[in-house]
Peer 1: 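For reference, the structure I am asking about is given below.
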Amino acid sequence: MCMNISVIYFSVLKKITGKSQEVIRLEKQMSAEDLFGLLSKKYPEMVRYKPYIRLSVNQEYLPFETRLKPDDEVVFITPVSGG
Amino acid sequence: MCMNISVIYFSVLKKITGKSQEVIRLEKQMSAEDLFGLLSKKYPEMVRYKPYIRLSVNQEYLPFETRLKPDDEVVFITPVSGG
Amino acid sequence: MQEFKNGTYWILISDHLPELSVAGAFVQDPSCGAVNIFSGMTRNHHDGKSVTGLYYDCYEEMALKESKKLLDAITKEHNLTKALLFHKTGDAPVGEISLITALSAPHRKPVLEATEELINRLKQELPIWKKESYKGESLWKEEQLLKKEQQPS
Amino acid sequence: MQEFKNGTYWILISDHLPELSVAGAFVQDPSCGAVNIFSGMTRNHHDGKSVTGLYYDCYEEMALKESKKLLDAITKEHNLTKALLFHKTGDAPVGEISLITALSAPHRKPVLEATEELINRLKQELPIWKKESYKGESLWKEEQLLKKEQQPS
């Protein structure tokens, strides 16, 4: 079961990946945790931020175990600093 | 020892006395407490407010026992309600 | 009208108060990351009764002196950068701003704490008196106080 | 730019924010006696270093959604009348306002308490990131965090 996931990058992850967003094609269903693992291979510097990151799927904070669905919009939220 | 004391009235005391201010001539030295007693005879309705009143002499909060000096500016401060 | 203004404080006791933006601009400073502006205004109800307006009587010279003492104490205690206090005199119909405080500091915690303390203390210390107008009658706050105290509880 | 505005709430995420007076006017209401406006701005120093400016990156659609949830929760909890939240995106040189909150209620206590809670929570919840520019270098807050964590304490 294939699916496309849209990943958007902000702040330091935008700097690390050099991208604002990209579409990742998954060959099988997986969790956001798994997706992060996949991306970490592509962008090794992301790993250091893992302990601090929260997950957002379709603009909602959700646990990393969340299973992704086709066309989900995923953002890995590094520590925020608005205000 | 005669002296003039300037008494200014605000709020409900202005309403009771019908005056914004007046100069009171004292025939002898006295405290602000004594002055209030004197004025209470002239304006009996003032007495009811006595338990709530603070004294100001020359624009400073002072105790009622304060002895008045010539040309002091005295205000009996009923409970304030600014803000 | 009474006014005191230097590089750190601005106090104004007047029947006309400047805009909130003017207050905010005064206390801003390159060293500051936080500005808190509180404003109090006449509301259309009190104690379940409909209010049509307020009137403020003020011992202006003393209010200015007490405001200076207050801003000085609050600024030192909370390490503020700049501090402002405006109070209206005379008529204040429903919706009209009667009080503006504006405080600045490098961080937000002191400006919020200091705002609360400043308002609590100015309500105790400033020689300013409020008359409330209801439909058909006007009463000073002290008259209302006396009425309440004399009611059997 | 993202915006939500109805009779009770006004949220704006934009690279240009309106004046403080506009914020104050929105939350005012005849039933309200208290309005508190907090504003946060870029200051010229941080951790003993001289700051030349900030840049805010923002996940705007989500920031709008989270702001709505936040204002809704705070308004209910503190019985507020109206609530406003503006956040700047992009460059914020020294002195530029990046955050405005404005809250109104009949009395002052809830608006002051709610302001503190709102700011604490928005700093936790809104997906907005700050980059600080010092002389010669720019660092995201997360990069600074990692640097600190990796220093031997």
Side-chain angles (χ1 to χ4, degrees), chain A residues 4-24 32-33 35-37 39-40 42-83, chain D residues 2 11 13 38-43 46 54-70 85-90 92 97-101 115-116 118-132 137-150:
Chain A
N4 286 334
I5 302 292
S6 169
V7 185
I8 313 181
Y9 300 109
F10 292 96
S11 183
V12 70
L13 296 188
K14 194 187 282 175
K15 184 173 170 181
I16 287 173
T17 63
K19 290 186 175 119
S20 290
Q21 61 178 102
E22 64 183 320
V23 174
I24 302 287
E33 182 85 43
L35 173 62
F36 190 89
L39 292 169
S40 298
K42 211 168 157 188
Y43 313 109
E45 272 190 84
M46 277 177 64
V47 180
R48 300 159 66 209
Y49 289 95
K50 181 69 195 334
Y52 309 103
I53 286 177
R54 283 185 289 178
L55 171 72
S56 150
V57 178
N58 301 328
Q59 305 161 16
E60 295 262 8
Y61 288 114
L62 284 175
F64 263 95
E65 306 81 65
T66 304
R67 298 202 74 75
L68 301 174
K69 302 179 309 301
D71 301 318
D72 272 351
E73 178 177 299
V74 171
V75 179
F76 295 106
I77 311 268
T78 52
V80 300
S81 49
Chain D
Q2 290 283 325
I11 299 163
I13 315 282
F38 177 87
S39 56
M41 62 282 304
T42 304
R43 58 176 197 276
H46 177 69
L54 297 178
Y55 176 88
Y56 287 98
D57 198 8
C58 180
Y59 185 10
E60 297 194 6
E61 298 80 0
M62 184 175 172
L64 187 72
K65 281 190 189 179
E66 288 293 320
S67 297
K68 267 190 215 171
K69 285 185 206 165
L70 210 45
L85 170 52
F86 294 165
H87 203 298
K88 200 184 178 314
T89 55
I97 292 176
S98 53
L99 170 69
I100 300 176
T101 71
T115 296
E116 186 167 7
L118 174 58
I119 301 170
N120 288 339
R121 287 177 66 175
L122 74 86
K123 281 177 175 272
Q124 297 295 319
E125 301 307 329
L126 300 195
I128 300 177
W129 296 267
K130 189 185 291 190
K131 186 170 65 180
E132 281 175 335
E137 87 176 321
S138 288
L139 283 175
W140 291 102
K141 274 287 184 188
E142 305 99 291
E143 297 178 284
Q144 299 177 42
L145 173 74
L146 231 63
K147 268 193 181 178
K148 273 195 186 161
E149 300 264 320
Q150 287 164 355

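A note on names: the letters A, B, ... follow the listed sequences, proteins ahead of strands, and every chain is numbered from 1.
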Peer 1: Is chain A contacted by the side chain of L99(D), its backbone, both, or neither, given a heavy-atom distance below 4.5 Å?
Peer 2: side chain
Peer 1: Given that the side chain runs from C-beta out, which part of V75(A) has a heavy atom under 4.5 Å from chain D: side chain, backbone, both or neither?
Peer 2: side chain
Peer 1: Tell me, for I119(D) versus chain A, whether the close heavy atoms (under 4.5 Å) come from the side chain, the backbone, both or neither.
Peer 2: neither
Peer 1: Which pair of heavy atoms, one from L122(D) and one from G83(A), lies closest together, and at what distance?
Peer 2: CD1-CA, 4.1 Å
Peer 1: Identify the two heavy atoms, one from V80(A) and one from P127(D), that lie closest to each other, and give their separation to 0.1 Å.
Peer 2: CG1-CA, 3.8 Å
Peer 1: Between chain A and chain D, going by a 3.5 Å limit, which atoms form donor-acceptor pairs, if any?
Peer 2:
{"from": "S11(A)", "atom 1": "N", "to": "D57(D)", "atom 2": "OD2", "distance (Å)": "2.7"}
{"from": "S11(A)", "atom 1": "OG", "to": "E142(D)", "atom 2": "OE1", "distance (Å)": "3.2"}
{"from": "S11(A)", "atom 1": "OG", "to": "E142(D)", "atom 2": "OE2", "distance (Å)": "2.7"}
{"from": "K14(A)", "atom 1": "NZ", "to": "D57(D)", "atom 2": "OD1", "distance (Å)": "3.4"}
{"from": "K14(A)", "atom 1": "NZ", "to": "D57(D)", "atom 2": "OD2", "distance (Å)": "3.2"}
{"from": "K15(A)", "atom 1": "NZ", "to": "E143(D)", "atom 2": "OE1", "distance (Å)": "3.3"}
{"from": "K15(A)", "atom 1": "NZ", "to": "E143(D)", "atom 2": "OE2", "distance (Å)": "2.7"}
{"from": "Y52(A)", "atom 1": "OH", "to": "E149(D)", "atom 2": "OE1", "distance (Å)": "3.0"}
{"from": "R54(A)", "atom 1": "NH2", "to": "Q124(D)", "atom 2": "O", "distance (Å)": "2.6"}
{"from": "Q59(A)", "atom 1": "OE1", "to": "K65(D)", "atom 2": "NZ", "distance (Å)": "3.1"}
{"from": "E60(A)", "atom 1": "OE1", "to": "K69(D)", "atom 2": "NZ", "distance (Å)": "3.2"}
{"from": "Y61(A)", "atom 1": "OH", "to": "E125(D)", "atom 2": "O", "distance (Å)": "2.5"}
{"from": "E73(A)", "atom 1": "OE2", "to": "Y59(D)", "atom 2": "OH", "distance (Å)": "2.3"}
{"from": "T78(A)", "atom 1": "O", "to": "W129(D)", "atom 2": "NE1", "distance (Å)": "3.0"}
{"from": "T78(A)", "atom 1": "OG1", "to": "W129(D)", "atom 2": "NE1", "distance (Å)": "3.0"}
{"from": "T78(A)", "atom 1": "OG1", "to": "E142(D)", "atom 2": "OE2", "distance (Å)": "2.5"}
{"from": "S81(A)", "atom 1": "N", "to": "I128(D)", "atom 2": "O", "distance (Å)": "2.8"}
{"from": "S81(A)", "atom 1": "OG", "to": "K130(D)", "atom 2": "N", "distance (Å)": "2.8"}
{"from": "G82(A)", "atom 1": "N", "to": "I128(D)", "atom 2": "O", "distance (Å)": "3.3"}
{"from": "G83(A)", "atom 1": "N", "to": "H87(D)", "atom 2": "NE2", "distance (Å)": "2.8"}
{"from": "G83(A)", "atom 1": "O", "to": "Y56(D)", "atom 2": "OH", "distance (Å)": "3.1"}

